[in-house]
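Comments concern the structure below.
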Amino acid sequence: MRRMMILGLCFLLFSPFPLAFSERCHPQDKKALLQLKNDLNNPYILASWNPKEDCCDWYCVRCDEKTNRIYDLDISSSVPDPDVSGQIPPSVGDLPYLDLSGSIPSSLYQLPKLSSLQLDRNELTGSFGSFNKPGPYLILSHNQLSGSIPDSLGNLDPERIDFSRNKLEGDASMLFGSKKRTQTLDLSRNALEFDLSHLTFPKKSLIWLDLNHNKIYGSIPVALTTVENLQQFNVSYNRLCGEIPQGGRLQRFDEYSYLHNKCLCGSPLPPCNFKADI
Ligand SMILES: *[C@@H]1O[C@H](CO)[C@@H](O)[C@H](O)[C@H]1NC(C)=O
């Protein structure tokens with residue numbers, strides 16, 4: 001027993017990791033990040049993620065001043081970067097306090113305090129896993145994500161959702177609702193296919209709704225005229241039909257926000273009886 005203790009003491013005194021006691025990084029977070037790096041195929045952008053160094057000093061990582069837990073991770077490449085690639089791992093569900101969303105590498109679920117995630121402009125492929133907790137930003141644009149958006153994402157309520165320029169398909173109606181606090185919802189350039197007709201919107205918070213280039217059908221709901229601060233709106237290149245509701249801010253957008261649908265009509269497009277008249 002005593003020998004064991006002496007051995008243990010020697011190990012502590014002569015540990016090859018003498019900084020281990022002074023580093024801020026939580027070991028659980030470090031482990032999760034190293035797993036994430038691995039899941040993303042060890043991209044060059046994460047070269048500074050050296051296990052011998054404090055993870056609070058790593059590139060793209062932000063630790064909370066008080067708790068030292070990682071709350072922000074921004075691995076976005078300014079140009080699509082084949083370096084950051086890999087599947088969005090399904091294990092994300094293991095993180096008890098994860099403040100994000102999406103089905104990003106499962107390793108992310110090991111970061112209990114993470115509150116915002118940016119993985120845009122990478123080469124992520126695969127489909128969504130499940131997300132646990134809401135966070136302010138969920139930005140996964142410019143990737144190669146495919147498959148459908150899980151219903152469970154509807155339980156989260158990020159302020160900013162950007163899934164644009166992926167290959168997502170099927171329903172996205174779970175991301176809409178009058179009780180949400182969404183400010184930005186960008187689903188443009190995917191292959192999403194759902195009925196817009198009866199959806200509702202957060203009246204006060206929504207300022208940006210971009211749905212262009214999908215397969216969205218039905219009509220533009222009257223509820224959209226009640227969105228008070230809509231500043232960007234685009235439903236072009238979908239399969240919408242019927243009269244554009246008049247009122248609210250909907251006529252502040254020009255025809256380019258509405259073009260290339262199945263049969264939308266009414267201002268700012270030509271009147272609905274236009275075709276019948278000629
Ligand atoms: C809407 O999207 C279409 C297609 O990408 C684009 O051509 C148009 O300029 C956009 N309109 C606005 C107002 O952003």
Side-chain angles (χ1 to χ4, degrees), residues 76-81 118-125 137-149 158-176 180 182-272 274-275:
S76 36
S77 315
S78 47
V79 285
D81 181 3
Q118 248 181 279
L119 281 166
D120 51 317
R121 294 175 195 267
N122 288 300
E123 295 280 317
L124 292 176
T125 58
Y137 299 141
L138 186 50
I139 300 175
L140 297 167
S141 60
H142 297 80
N143 281 294
Q144 302 283 328
L145 301 177
S146 59
S148 52
I149 300 172
E159 285 165 16
R160 241 181 107 186
I161 300 176
D162 186 352
F163 294 161
S164 62
R165 296 179 192 252
N166 279 287
K167 296 174 176 172
L168 297 170
E169 45 188 50
D171 193 15
S173 60
M174 78 295 279
L175 302 177
F176 295 77
K180 294 196 189 282
T182 323
Q183 293 171 8
T184 301
L185 181 56
D186 190 344
L187 303 175
S188 61
R189 295 185 187 255
N190 278 285
L192 295 164
E193 195 168 0
F194 58 94
D195 187 350
L196 194 67
S197 316
H198 304 291
L199 299 184
T200 58
F201 309 87
K203 272 192 213 177
K204 301 239 179 258
S205 62
L206 191 65
I207 50 179
W208 188 291
L209 181 61
D210 197 342
L211 304 174
N212 83 74
H213 280 95
N214 278 288
K215 300 174 182 172
I216 300 167
Y217 56 89
S219 56
I220 296 181
V222 177
L224 259 178
T225 62
T226 66
V227 177
E228 294 165 12
N229 297 308
L230 201 57
Q231 281 160 29
Q232 167 76 8
F233 177 69
N234 202 334
V235 291
S236 64
Y237 294 88
N238 276 291
R239 296 177 182 170
L240 294 165
C241 201
E243 180 162 20
I244 298 168
Q246 303 294 301
R249 301 181 66 91
L250 290 185
Q251 277 64 46
R252 297 193 183 206
F253 306 101
D254 64 15
E255 64 199 65
Y256 294 101
S257 290
Y258 297 95
L259 283 177
H260 294 278
N261 273 284
K262 198 169 143 208
C263 46
L264 277 183
C265 56
S267 171
L269 296 178
C272 290
F274 181 71
K275 281 193 186 117

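Keep in mind that the numbers below use all heavy atoms, side chains included, and drop hydrogens, waters and symmetry copies. Counting convention: from 1, in listed order, for ligands and their atoms alike.
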Worksheet entry | Ring geometry between Tyr237 and His260 (parallel below 30°, tilted from 30 to 60°, perpendicular above 60°) |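 Parallel.
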Which residue is it: Asp162, Ile207, Leu175? I am looking for the one with a side chain to side chain contact (heavy atoms under 4.5 Å, CB included) to Leu185.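 Single side chain to side chain contact (heavy atoms under 4.5 Å, CB included) partner of Leu185 among Asp162, Ile207, Leu175: Leu175.
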[X] [atom1] to [Y] [atom2] distance, which is reported to the nearest 0.5 Å:
| X | Y | atom1 | atom2 | result |
| --- | --- | --- | --- | --- |
| Asn166 | Leu187 | CG | CG | 10.0 Å |
| Cys265 | Leu240 | SG | CG | 11.5 Å |
| Arg189 | Leu211 | CZ | CG | 13.0 Å |

Decide side chain to side chain contact (heavy atoms under 4.5 Å, CB included) for Leu250 and Tyr258; before the verdict, give the C-alpha distance in whole Å, the side-chain angles of both, and the deciding distance to 0.1 Å. CA-CA 10 Å; Leu250 290 185; Tyr258 297 95; 3.6 Å; yes
Under a strict 4.0 Å criterion on non-hydrogen atoms, which protein residues are in contact with ligand 1?
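For ligand 1, the residues that come within the 4.0 Å heavy-atom cutoff are Arg189, Asn212, His213, Gln232, Asn234, Ser236, Tyr237, Tyr256, Ser257.
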